[in-house]
There are 2 protein chains.
Amino acid sequence: MIDDETARDRVVRTADELFYTRGVQAVGMDAVRTAAGVPLKRIYTLFASKDELIVAVLRHRMSIWDAGLAGATERATTARERILAIFDFLDAWFREPDFRGCGFVNAFGELGAESHGVTEAVREQKATFQEYVARLVEEAGAPAHVAPQIAILAEGAQTTAAISGTPEAARQARAAAETLLDASGAN
Amino acid sequence: MIDDETARDRVVRTADELFYTRGVQAVGMDAVRTAAGVPLKRIYTLFASKDELIVAVLRHRMSIWDAGLAGATERATTARERILAIFDFLDAWFREPDFRGCGFVNAFGELGAESHGVTEAVREQKATFQEYVARLVEEAGAPAHVAPQIAILAEGAQTTAAISGTPEAARQARAAAETLLDASGAN
DNA sequence: TTGCGCTGAGAACGTTCGTTCTCTACTGTA
DNA sequence: TACAGTAGAGAACGAACGTTCTCAGCGCAA
């Protein structure tokens with residue numbers, strides 16, 4: 001049989017693409033089956049239900065996002081530059097042709113009311129990001145209250161860029177973050 | 001027959017509550033029919049399709065939001081205070097027990113990829129808000145580039161509050177807005 | 001009163017969904 | 001070669017969806 005791990009990965013990766021592009025509920029399990037080339041029976045031995053697949057997809061997306069963010073920020077030499085690199089990372093993402101907002105926010109809006117697993121995964125992703133920002137803010141020598149402000153800017157930029165269909169929110173949020181850091185007396 | 005206007009209003013108002021609470025796709029037309037007490041046949045003479053009802057619901061929500069925002073901000077005497085009152089308005093909203101994020105953002109994430117009407121309505125709502133903020137920023141004597149920054153803060157606060165389940169993002173975003181206004185040399 | 005038109009209530013339609021079942025065909029072992 | 005176990009491909013299932021149709025009953029002009 002096809003290797004368990006690659007089959008699972010292929011299902012998750014394919015479902016992630018489909019869910020993000022078209023919305024979770026708009027994509028049936030049949031579409032996942034066809035696109036991934038994995039029989040339904042097998043999908044249902046790997047995941048007990050569609051909800052479980054959705055959660056697995058969100059966790060996969062989480063690791064991709066974390067790795068991408070880390071890669072984009074680690075090149076900067078100072079903590080302040082690493083914070084601002086977050087917004088450059090967003091800027092590049094917003095310019096991708098199939099950018100459609102934050103997949104976690106979309107999933108939460110669509111399913112948060114009905115799926116506890118989705119709510120938990122999304123909450124975890126946002127908490128991880130906020131902690132990452134908090135660490136950078138501390139390293140930059142800025143007061144702790146600046147961290148959630150910068151996280152809120154990043155969040156708002158994603159929504160604004162998605163709905164407007166333009167990437168300029170990244171630049172605007174970056175400038176605001178600079179102002180907040182400067183006014184706080186960071187290094 | 002029941003008056004056309006009240007029937008239409010009841011359908012829209014009821015559908016708005018259901019859609020916001022449980023998500024749009026999770027609510028069937030049967031549920032709208034039952035909750036509103038209006039026969040399906042009549043609903044389909046008032047709205048050609050569910051998508052048309054959704055757009056009508058979004059436009060209704062838009063007018064509610066605009067009125068609420070105007071009411072919350074007009075009490076303030078200076079333009080700067082009106083800007084900050086936006087975040088007090090958000091704070092009060094976030095504390096409502098059934099707050100579940102911005103209904104427009106949720107609808108966009110759920111249906112934006114598949115419904116042009118939804119995308120258009122959501123885009124219109126966000127553009128209106130941004131223009132309102134821009135007007136206040138101008139009245140406050142702050143440079144124009146501060147306006148999108150403050151709008152992004154408001155946007156991010158809504159998402160953050162919804163996912164975290166706590167209202168504190170309003171306070172944090174308000175403080176950030178104050179810093180941005182102060183640093184820009186507004187009155 | 002008679003008949004016409006439209007109403008409300010909900011049954012019914014075709015489709016699609018998530019999930020399960022069937023059946024053929026292959027793999028590995030003796 | 002024979003056989004047990006399992007994999008793949010997709011048909012099939014019950015439920016729920018958006019939408020349409022049926023039909024009894026009411027209001028109103030003559």
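Per chain, numbering begins at 1; letters A, B, ... match sequence-line order.
- Rounded to whole Å, the distance from CD1 on Ile54(B) to P on dC17(D) is 14 Å.
- Between Glu124(A) and Arg59(A) there is a salt bridge, with a side-chain nitrogen of the basic residue lying less than 4.0 Å from a carboxylate oxygen of the acidic one.
- The pair Arg13(A)-Asp16(A) fails the salt-bridge criterion, with no side-chain N (NZ, NE, NH1 or NH2) lying under 4.0 Å from an Asp/Glu carboxylate O.
- No hydrogens or angles were tested; on distance alone, nothing pairs the side chain of Arg42(A) with the base of dG8(D) as donor and acceptor under 3.5 Å.
- Between the C1' atom of dT20(C) and the NZ atom of Lys50(A) lies a distance of 17 Å, rounded to the nearest Å.
- The CZ-C1' distance, from Arg33(B) to dG8(C), rounds to 10 Å in whole Å.
- To the nearest 0.5 Å, atom CG of residue Leu153(A) and atom CD1 of residue Ile86(A) are 10.5 Å apart.
- In this structure, Arg75(B) does not pair ionically with Glu81(B), as no charged nitrogen and carboxylate oxygen lie closer than 4.0 Å.
- For the helix from dT1(C)-dA30(D) to dA30(C)-dT1(D), the axis fitted to the five pairs at one end and the axis fitted to the five pairs at the other end meet at an angle of 20° (nearest 10 degrees).
- Whole-Å rounding puts the Glu114(B) CD to dT16(C) P distance at 13 Å.
- A salt bridge links Asp88(B) with Arg174(B); the closest basic N to acidic carboxylate O contact falls under 4.0 Å.
- Listed nucleotides: dT19(C), dA9(C), dT20(D). Nearest to the side chain of Leu40(B): dT20(D).
- In summary, Arg80(B) and Glu139(B) do not engage in a salt bridge, as defined by a charged side-chain N under 4.0 Å from a carboxylate O.
- The base of dG8(D) is paired with the side chain of Lys41(A) by a donor and an acceptor separated by under 3.5 Å.
- The residue among Asp30(A) and Gly28(B) whose nearest nucleotide of DNA chain D is located toward the 5' end is Asp30(A).
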